[in-house]
Each structure stands twice: as structure tokens, then as C-alpha cells.
Amino acid sequence: MTNTTLTQLVSEMAQGSIRVVDLTVPLSEDTPVIGLPEEFAQSPAFKMEQISQFDDKGPAWYWNSFSCGEHTGTHFDAPGHWITGKGYADGCTDTIPPEKLVAPANVVDVSAEAAENPDYLLTSAKLKEWEAEHGRIEPGTWLLMRTDWSKRSPEDFLNYAEDGPHTPGPSVECMEFLANERDILGFGVETVGTDAGQAFAFDPAFPAHQLMHGNNKLGLASLTNLDKLPPKGAVIVAAPLKIVNGSGSPLRVIALTS
Ligand code: 23J
Ligand code: MN
């Protein structure tokens, strides 16, 4: 007897009642990269160099080499990225169990709030309101914060001012709630990093990184097309490159949804 659930999945995908949504932005030399305060080392942008293209260097083949920071474009944050998560034996890109790389998603739409206020912070109160409408955020699921930030121009996407970037993200208490009271798998965003632009000044600084990774949880940044997903019911495939001791990697993030 074949597995009827998987048989039904492939047949519904073929027939279109289950759709595949690409949550990934294009990766090129134009892809915006996070800038940190100037006392810290900066992450290099994506760079591509041709090895050959049907020429003397390779008459029948085209290929390139590329380089970039691990946290470039649509990318995965492993627990080992942060000082609070550095002790986990299963916390780097090569050691995270593959079972964590396919999981349900909860999508919380705060696009109206973020349009109004670029420093908007997601709160546990907002999540409890969302739960009253859509049901509980289950352990081992992704919490994806929809801000429509991926629709902005590159300059407005990073949104720098003299006092640093102004982009939405989670509050400290929101991250405490999702880590301790909901035990989520990880937190994903449309902005360049999982933390708000001003989160360097929070206490603790960078709460998404501090609290997610400190609890062996994952991050996804620079997602797009979250507006094409239902609040609940989509399944996300987010598998980073298996870089030995990697802190993260660019990746293709795919959603299955009815
Ligand atoms: C290093 C330091 C601070 C931040 C980040 C990286 C990221 O956002 C990232 O991509 O993980 S805020
Ligand atoms: Mn990152």
C-alpha cells in the first residue's frame, strides 16, 4: 500500500489545489546587505565571477563562482550565529536536524502598522489577538512577520537615517513570549535582518537574535511574498547550505499552501 497522504499531496500539487509559493528574493550584486554600526566588521555583498561561458575556458559549459557573507539576501540564521546560541551541538548549518527544515508557518500581517510607523514593534498582545482569530501558535512552527517591506525600493528597504536604520521587528517581550510560552521553531521577516533597525539600542540588544538563538531557535530574513500566504496552514521548506560550522546561509525558501 502506498502512502496515501504523499500521493494526495503530489496529485493536489499537479492539479494546482496546493500551490508552491517562492518566498525568496533574487540574489545578485544589487542585493541589499545589512550595515552594522561602524565600529564593527561589515558583511561583504554578493559577488559573482564567470569561470567560462562556451569559450576557450570551457567550450561547452557555462559556470560562475560566487562569494558573499553568510547573511546575504534571503537567508537562514542558525542558533550558532549568536553568542547565546554558540553552545548547541546541533546549532550550526551542518548540524541542525533536517526535520527542522520543513515546518508549518503562522503569518501575522502587520503591514498596515509598519506602513504607518517604520519602527513598529510586534508585541505578544498583537499575537494573542491573532491567536483569538486564527488559533494557537503551535510549538515547532515558524512565526512569519508580514510587513510588506519586500515591496519597498532598495533605499527605503534599508531605510537609514543619521541614528541608524528604521525598520520594523519584534519587541523584547514578544521574543520572550514566542521562545518561552509558545516554543516556536523560529522567527522570519521581510526586512534585512530578524531584528528591528533600532534593536541595537534595546535591552537586551537584538532580542530576536538573543532570545531565538539562545533557545536553539532559527531565523529567516529578507523573505518576500508573505502576502500570498494564509495566516495559518502553509508549510515552509527552508534548508540552508550544509556549510560546516556555518552560522547561516542564503537559501531558497519555498511554501506549500492550499
Ligand atoms: C550580525 C549582527 C547584528 C545583526 C545581524 C548580524 C543580522 O541581522 C543577521 O543577518 O543575522 S542584526
Ligand atoms: Mn542573519
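Order of appearance sets the numbers: ligands from 1, and atoms from 1 within every ligand. Residue numbers count from 1 along this sequence.
- Side-chain contact check for Leu127 versus Leu143: some heavy-atom pair is nearer than 4.5 Å.
- Relative ring orientation between His213 and His81 is described as perpendicular, the plane-to-plane angle rising above 60° on a 0-90° scale split at 30° and 60°.
- Ring orientation note: the planes of Trp142 and Phe76 are nearly perpendicular, at an angle over 60° on the 30°/60° scale.
- Phe66 has its ring centre less than 6.0 Å from the ring centre of Phe46.
- Atom CG of Leu122 and atom CZ of Phe177 lie 10.0 Å apart (nearest 0.5 Å).
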At less than 3.5 Å, what protein N or O atoms come close to the N or O atoms of ligand 1? Include the distances to 0.1 Å.
from	atom 1	to	atom 2	distance (Å)
ligand 1	10 (O)	His71	ND1	3.4
ligand 1	10 (O)	His75	NE2	3.1
ligand 1	11 (O)	His71	ND1	3.2
ligand 1	11 (O)	Asp77	OD2	3.4
ligand 1	11 (O)	His81	NE2	2.6
ligand 1	11 (O)	His209	NE2	2.8

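- Cluster membership check: Met145 does not share its hydrophobic cluster with Leu220, using side-chain heavy-atom separations under 4.5 Å among Ile, Leu, Val, Met, Phe, Trp and Tyr.
- Distances under 2.8 Å from the Mn ion (ligand 2) pick out the protein N/O/S atoms His71 ND1, His75 NE2, Asp77 OD1.
- Salt-bridge annotation for Lys151 and Glu190: absent, with no side-chain N of the basic residue lying under 4.0 Å from a carboxylate O of the acidic one.
- Judged as a ring pair (Phe, Tyr, Trp, His ring centres under 6.0 Å), and not counting sequence neighbours, the contacts of Trp130 are His134.
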Please tabulate, for side-chain N and O atoms in residues 240-247, each donor-acceptor pair with protein atoms closer than 3.5 Å (sequence neighbours left out).
from	atom 1	to	atom 2	distance (Å)
Ser247	OG	Glu70	OE1	2.4
Ser247	OG	His71	NE2	2.8

